[in-house]
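Worksheet for the structure shown next.
Because only heavy atoms are used, hydrogens play no part in the values below, and waters and symmetry mates are left out as well, while side chains stay in. By convention here, the first residue in the shown sequence is residue 1.
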Amino acid sequence: VPLVGMRLAARANHIDGAIAAARRALALEPQWHVAMIELGLLLVRKGELAEATKLARQAVALAPNDRMVTERALAIAERCEANDDVIAWAEAGLKQWPEDIRYQLCLADQYAAKRDFERARQHYAAVLEADTEHLAAQRGLLASLLNLQQTEAAVPYADTLLERFPDDED
């Protein structure tokens with residue numbers, strides 16, 4: 001029942017009330033991963049990032065095979081800039097749900113941000129194997145190849161992007 005109140009309060013944009021309801025749900029069942037992850041998402045909206053990250057870690061530890069928990073924990077970690085958690089959870093997600101290219105893309109973006117362009121290149125290429133038209137992966141792969149100074153390999157991707165977006169300066 002408290003989670004229903006939490007969701008209603010959140011929809012009405014009454015974040016403090018939603019947080020209070022989620023805390024009540026967690027008090028009733030302290031090991032309930034759903035309440036943890038929902039509270040974490042609300043805390044992110046309020047800017048309480050340290051507690052949100054802690055709750056996401058606890059929820060993943062309690063339910064490592066729950067796709068909803070993994071996806072929401074990733075969302076929390078990305079917003080909180082908990083990059084090591086993002087990488088760990090995206091890698092775990094990729095192992096469990098290899099057909100979901102969002103995990104590949106998440107890893108590619110994380111490695112690109114860390115300037116590990118070889119790993120980023122591998123993950124962007126994997127996304128493009130599954131979806132040859134994926135714009136973010138095309139751009140990411142091009143940037144990775146250029147950063148790796150593999151200009152010859154980058155040319156086809158640059159040409160494709162220029163054809164698709166001739167007026168785009170990026």
Side-chain angles (χ1 to χ4, degrees), residues 1-127 130-131 134-137 139-141 143-144 147 170:
V1 174
L3 276 186
V4 172
M6 178 215 65
R7 289 190 176 123
L8 290 172
R11 282 194 191 120
N13 208 26
H14 184 352
I15 301 303
D16 290 333
I19 289 171
R23 288 191 191 284
R24 282 192 298 279
L26 201 51
L28 291 171
E29 187 61 50
Q31 299 298 306
W32 191 19
H33 61 280
V34 174
M36 284 178 191
I37 208 72
E38 294 290 339
L39 178 56
L41 289 167
L42 290 166
L43 291 169
V44 166
R45 289 174 62 181
K46 182 132 177 159
E48 296 179 24
L49 306 182
E51 186 179 0
T53 302
K54 178 183 170 194
L55 287 165
R57 288 178 183 140
Q58 290 174 332
V60 169
L62 288 168
N65 299 318
D66 186 315
R67 192 172 194 160
M68 179 272 303
V69 168
T70 300
E71 290 173 3
R72 291 180 180 182
L74 270 169
I76 290 169
E78 286 176 330
R79 293 277 309 274
C80 296
E81 297 181 4
N83 298 331
D84 291 340
D85 289 329
V86 172
I87 290 172
W89 296 335
E91 286 176 347
L94 183 59
K95 286 179 186 165
Q96 293 181 73
W97 306 287
E99 73 286 353
D100 192 335
I101 64 172
R102 293 177 299 170
Y103 298 112
Q104 289 279 11
L105 187 60
C106 181
L107 287 166
D109 291 342
Q110 286 295 312
Y111 287 127
K114 291 178 99 160
R115 305 195 57 77
D116 185 345
F117 295 112
E118 179 53 34
R119 280 187 171 166
R121 182 200 63 74
Q122 293 169 11
H123 289 287
Y124 286 128
V127 171
D131 179 0
H134 198 286
L135 179 59
R139 288 182 178 202
L141 182 56
S144 295
N147 277 291
D170 291 331

Quiz item: Could you state the interatomic distance from CD1 (Ile76) to CG (Leu42), rounded to the nearest 0.5 Å?
Solution: 9.0 Å
Quiz prompt | Closest non-hydrogen atom pair between Glu71 and Asp100, with its separation | solution = OE2-OD2, 4.1 Å
Quiz item: To the nearest 0.5 Å, how far apart are CD in Gln122 and OG in Ser144?
Solution: 10.0 Å
Quiz prompt | Taking every non-hydrogen atom, the tightest pair across Trp89 and Ala73 | solution = CZ3-O, 3.3 Å
Quiz item: Do Lys114 and Asp84 meet the salt-bridge criterion of a basic N to acidic O distance under 4.0 Å?
Solution: yes
Quiz item: How long is the span from the CD1 atom in Ile101 to the CG atom in Leu107, to the nearest 0.5 Å?
Solution: 12.5 Å
Quiz item: Of all residues at least two apart in sequence or in a different chain, which pass the side-chain contact (heavy atoms from CB on, under 4.5 Å) check with Asp16?
Solution: His14, Lys46
Quiz item: For the atom pair CD1 (Ile15) and CD (Glu48), what is the distance rounded to the nearest 0.5 Å?
Solution: 11.0 Å
Quiz item: Of the non-hydrogen atoms in Cys80 and Val44, which two are nearest, and what is the gap between them?
Solution: SG-CG2, 3.9 Å
Practice problem: Kindly compute the distance separating CG (Leu55) from CG (Leu41), expressed to the nearest 0.5 Å. | Solution: 10.0 Å
Quiz prompt | Atom of Ala137, atom of Val127 and distance for their closest heavy-atom approach | solution = CB-CG1, 3.5 Å
Quiz item: How far apart are the closest heavy atoms of Val34 and Met68, and which atoms are they?
Solution: CG2-CE, 4.1 Å
Practice problem: Return the minimal non-hydrogen interatomic distance between Tyr103 and Leu74, and the atom names on each side. | Solution: CE2-CD1, 3.6 Å
Self-check item: Residue of the set Glu29, Glu38, Glu51 for which salt bridge (charged side-chain N to carboxylate O under 4.0 Å, His left out) holds with Arg23
Solution: Glu51
Quiz item: Taking atom CD of Gln96 as the centre, does the number of heavy atoms from other residues, nucleotides or ligands within less than 6.0 Å exceed 12?
Solution: yes
Quiz item: How would you list, by chain and number, every residue that makes a side-chain hydrogen bond (donor to acceptor under 3.5 Å, both in side chains) with Glu91, sequence neighbours excluded?
Solution: Tyr111
Quiz prompt | Verdict with supporting geometry, Arg57 and Val60, side-chain contact (heavy atoms from CB on, under 4.5 Å) | solution = CA-CA 5 Å; Arg57 288 178 183 140; Val60 169; over 6 Å; no
Self-check item: Arg79/Leu49 under side-chain contact (heavy atoms from CB on, under 4.5 Å): CA gap, chis, key distance, verdict
Solution: CA-CA 8 Å; Arg79 293 277 309 274; Leu49 306 182; 5.5 Å; no
Quiz item: In Å, rounded to the nearest 0.5 Å, how long is the span from CD of Gln31 to CE of Met36?
Solution: 5.0 Å
Self-check item: CA sep, side-chain torsions, deciding dist, call: His123, Leu105, side-chain contact (heavy atoms from CB on, under 4.5 Å)
Solution: CA-CA 7 Å; His123 289 287; Leu105 187 60; over 6 Å; no
Exercise. Answer yes or no: is there a side-chain heavy-atom contact under 4.5 Å between Arg121 and Asn147?
Key: no
